[in-house]
Amino acid sequence: MVRQEKLLEVQDLQKSYGRKNNITKALNGISFDILPGEFLGIMGPSGSGKTTLLNCIATIIKPTSGRVLLNGKNISAFDSKDLAEYRGSRIGYLFQNFELLDNLTGQENILLPVSIHGMELTKARAKLDELASFLEITDILDKFPSQMSGGQKQRVAAARSLISDPDIVLADEPTGALDTRSARTLMNKLDGMNRSSGRTILMVSHDPNAASFCSRILFIQDGVIFHELRRKQEESREKFYERILQVLAQLGGGSANVL
Ligand SMILES: Nc1ncnc2c1ncn2[C@@H]1O[C@H](COP(=O)(O)OP(=O)(O)OP(=O)(O)O)[C@@H](O)[C@H]1O
């Protein structure tokens with residue numbers, strides 16, 4: 001069997017907030033790997049540590065202990081130049097609330113990482129056209145966020161997270177602020193990107209419908225992984241969705257909106 005190189009390795013990650021007698025242990029020793037081309041979901045109840053995990057990987061917050069490796073390199077050992085490159089072009093971040101700048105058009109928002117991180121503009125414009133066409137936002141590129149629907153805003157945000165061609169997209173509840181139809185459209189786009197161009201995605205979601213697009217799901221509770229589900233080859237999304245619901249039922253909760 002050919003051994004696949006790991007893209008991302010999370011090793012014994014721990015994160016505590018607060019100090020002295022007011023400590024919250026958000027992550028209590030989380031370890032997993034992501035292979036190139038995987039679409040990995042993270043599910044778990046509110047407060048289980050999902051966003052903390054994603055933010056440690058994104059270097060938005062610093063873990064208390066443990067390591068994250070990208071392509072075998074420890075991201076906490078990065079110097080400021082490596083760190084800027086990691087944040088600017090090796091990872092793309094998709095937020096629940098889009099985080100678009102109100103006074104910039106769609107196109108300007110998408111190209112923002114390019115101006116910040118100095119990508120070649122001709123290359124970036126070609127990439128913008130390709131992404132806009134795929135995400136069906138070509139017609140709204142000159143609009144401001146206040147003139148877009150929620151689904152359009154999130155697809156613009158998706159284009160922004162992809163403009164620098166990152167190794168991995170980190171998505172935190174990307175459908176959380178969307179209606180059912182827009183959520184399904186976005187998930188179909190993310191799924192299409194994962195399947196057609198092998199884009200690696202790590203997505204936090206509490207929504208079993210969104211999670212059923214993943215190829216593998218880690219369930220976390222109280223800062224530890226307590227279960228893993230892998231979508232079988234040829235398994236339909238509906239069947240996988242049913243298995244996700246069964247795990248959530250064991251957890252004693254979880255929403256079950258049907259897309
Ligand atoms: N900045 C902070 N200071 C103190 N405690 C925090 C901080 N951020 C998160 N926590 C705590 O850490 C735990 C994990 O929070 P986290 O946001 O990672 O959970 P989550 O699984 O993403 O939750 P949700 O699904 O509600 O977004 C929670 O108990 C939370 O209250």
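When a residue number appears, it is its place in the shown sequence, counting from 1.
Placement of L141 and L186 within a single hydrophobic cluster is found when ILVMFWY residues are connected by side-chain heavy-atom separations under 4.5 Å, directly or transitively. Residue I220 is grouped with residue L40 when hydrophobic side chains (ILVMFWY) are merged at heavy-atom distances under 4.5 angstrom, including chains of intermediate members. One hydrophobic cluster holds both L135 and L100 under the rule that ILVMFWY side chains link at heavy-atom gaps under 4.5 Å. Placement of L83 and I60 within a single hydrophobic cluster is found when ILVMFWY residues are connected by side-chain heavy-atom separations under 4.5 Å, directly or transitively. In the hydrophobic clustering of this structure, V247 groups with M43; members are Ile, Leu, Val, Met, Phe, Trp, Tyr whose side-chain heavy atoms approach within less than 4.5 Å, directly or through other members.
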side-chain contact (heavy atoms from CB on, under 4.5 Å) assessment of F78 paired with K73: CA-CA 8 Å; F78 281 171; K73 291 192 184 130; 3.9 Å; yes
Show the numbers, then the answer: is there a side-chain contact (heavy atoms from CB on, under 4.5 Å) between F32 and L53? CA-CA 11 Å; F32 62 92; L53 172 63; 3.9 Å; yes
Report the C-alpha distance between K50 and E173 in whole Å, list the side-chain angles of each, state the deciding distance to 0.1 Å, and finish with yes or no for salt bridge (Lys or Arg N to Asp or Glu O under 4.0 Å). CA-CA 10 Å; K50 304 181 295 295; E173 299 276 8; 5.1 Å; no
Given the rule in the side-chain contact (heavy atoms from CB on, under 4.5 Å) test, do F219 and L229 qualify, once you have shown the distances and angles that lead to the verdict? CA-CA 8 Å; F219 293 83; L229 274 188; 3.8 Å; yes
Where do E228 and R230 land on the salt bridge (Lys or Arg N to Asp or Glu O under 4.0 Å) test, with the steps shown first? CA-CA 7 Å; E228 177 177 334; R230 207 176 272 274; 3.2 Å; yes
Could you walk me through whether E130 and L128 pass the side-chain contact (heavy atoms from CB on, under 4.5 Å) check? CA-CA 5 Å; E130 179 197 319; L128 169 72; over 6 Å; no
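A 4.5 Å side-chain heavy-atom check between V169 and R199 finds at least one atom pair inside the cut-off. Looking only at side-chain heavy atoms (C-beta outward), F213 and N194 stay at 4.5 Å or farther from each other. With contacts defined as side-chain heavy-atom distances shorter than 4.5 Å, the pair I57/L8 qualifies. Side chains of R237 and R231 form a contact here, defined as non-hydrogen atoms less than 4.5 Å apart. Side-chain contact check for I168 versus L170: some heavy-atom pair is nearer than 4.5 Å. Counting heavy atoms from C-beta on, the side chains of Y17 and N22 never come closer than 4.5 Å. Between V10 and S31, the closest side-chain pair of non-hydrogen atoms is not below 4.5 Å. Looking at L94 and D172, their side chains never come closer than 4.5 Å, going by heavy atoms from C-beta outward.
Judged by distance alone, with hydrogens and angles left aside, the side-chain atoms of T59 form no donor-acceptor pair with the main-chain N or O of N55 at under 3.5 Å. Of the possible polar contacts, one joining the T64 side chain to the S16 backbone as a donor-acceptor pair under 3.5 Å is found. One N or O on the side chain of N109 and one on the backbone of L104 form a donor-acceptor pair closer than 3.5 Å. A donor-acceptor pair under 3.5 Å is absent between the side-chain atoms of T175 and the main chain of L178, judged by distance alone. A side-chain donor-acceptor contact under 3.5 Å links E235 to the backbone of K232. Side-chain N or O atoms of T200 include none that pairs as donor or acceptor with a backbone N or O of P36 at under 3.5 Å. Judged by distance alone, the side chain of Q152 and the main-chain N or O of E136 form no donor-acceptor pair under 3.5 Å. Judged by distance alone, with hydrogens and angles left aside, the side-chain atoms of E38 form a donor-acceptor pair with the main-chain N or O of L35 at under 3.5 Å. With hydrogens and angles disregarded, a donor-acceptor distance shorter than 3.5 Å links the side chain of S197 to the backbone of M193.
Summarising the geometry of Y93 relative to L54, their closest heavy-atom pair is OH-CD2, 3.7 Å, with the distance given to 0.1 Å. N103 and E108 get closest at one heavy-atom pair: O-OE1, 4.4 Å. Nearest heavy atom pair, residue S205 against residue D207, reads OG-N, 3.0 Å. Across all non-hydrogen atoms, the minimal contact from L27 to L13 is CB-O, 3.7 Å. Shortest non-hydrogen contact noted between P45 and S48 is O-OG, 2.7 Å. Of all heavy-atom pairs between A157 and F98, the closest is CB-O, 3.8 Å.
Remark: K15 engages no residue in a salt bridge (Lys or Arg N to Asp or Glu O under 4.0 Å) (not counting sequence neighbours). Shown here are the salt bridge (Lys or Arg N to Asp or Glu O under 4.0 Å) partners of R195, two or more places apart in sequence or in another chain: D191.
I30 contributes atom CD1, which lies 8.0 Å from atom CG of L218 (distance to the nearest 0.5 angstrom). The CG atom of D139 sits 10.0 Å away from the CD1 atom of I137 when rounded to the nearest 0.5 Å. Summarising the geometry, atom CG belonging to N71 is positioned 9.0 Å from atom CD belonging to E9; distances are rounded to the nearest 0.5 Å. Between the CD1 atom of I225 and the CD1 atom of I42 there is a distance of 6.5 Å, given to the nearest 0.5 Å. The distance from atom CE of M203 to atom CD1 of I217, rounded to the nearest 0.5 Å, is 7.5 Å. Taking SG from C214 and CG from L190, the interatomic distance works out to 9.5 Å, rounded to the nearest 0.5 Å.
Cation-pi check for K189 over F134 is met; the charged atom lies under 6.0 angstrom from the ring centroid and within 45 degrees of its normal.
R67 and S76 share no donor-acceptor pair across their side chains, judged by distance under 3.5 Å alone. In the model, Y86 has no side-chain atom that pairs as donor or acceptor with a side-chain atom of D167 under 3.5 Å. Using modelled atom types, one finds a donor on one side chain and an acceptor on the other under 3.5 Å when comparing S182 with D179.
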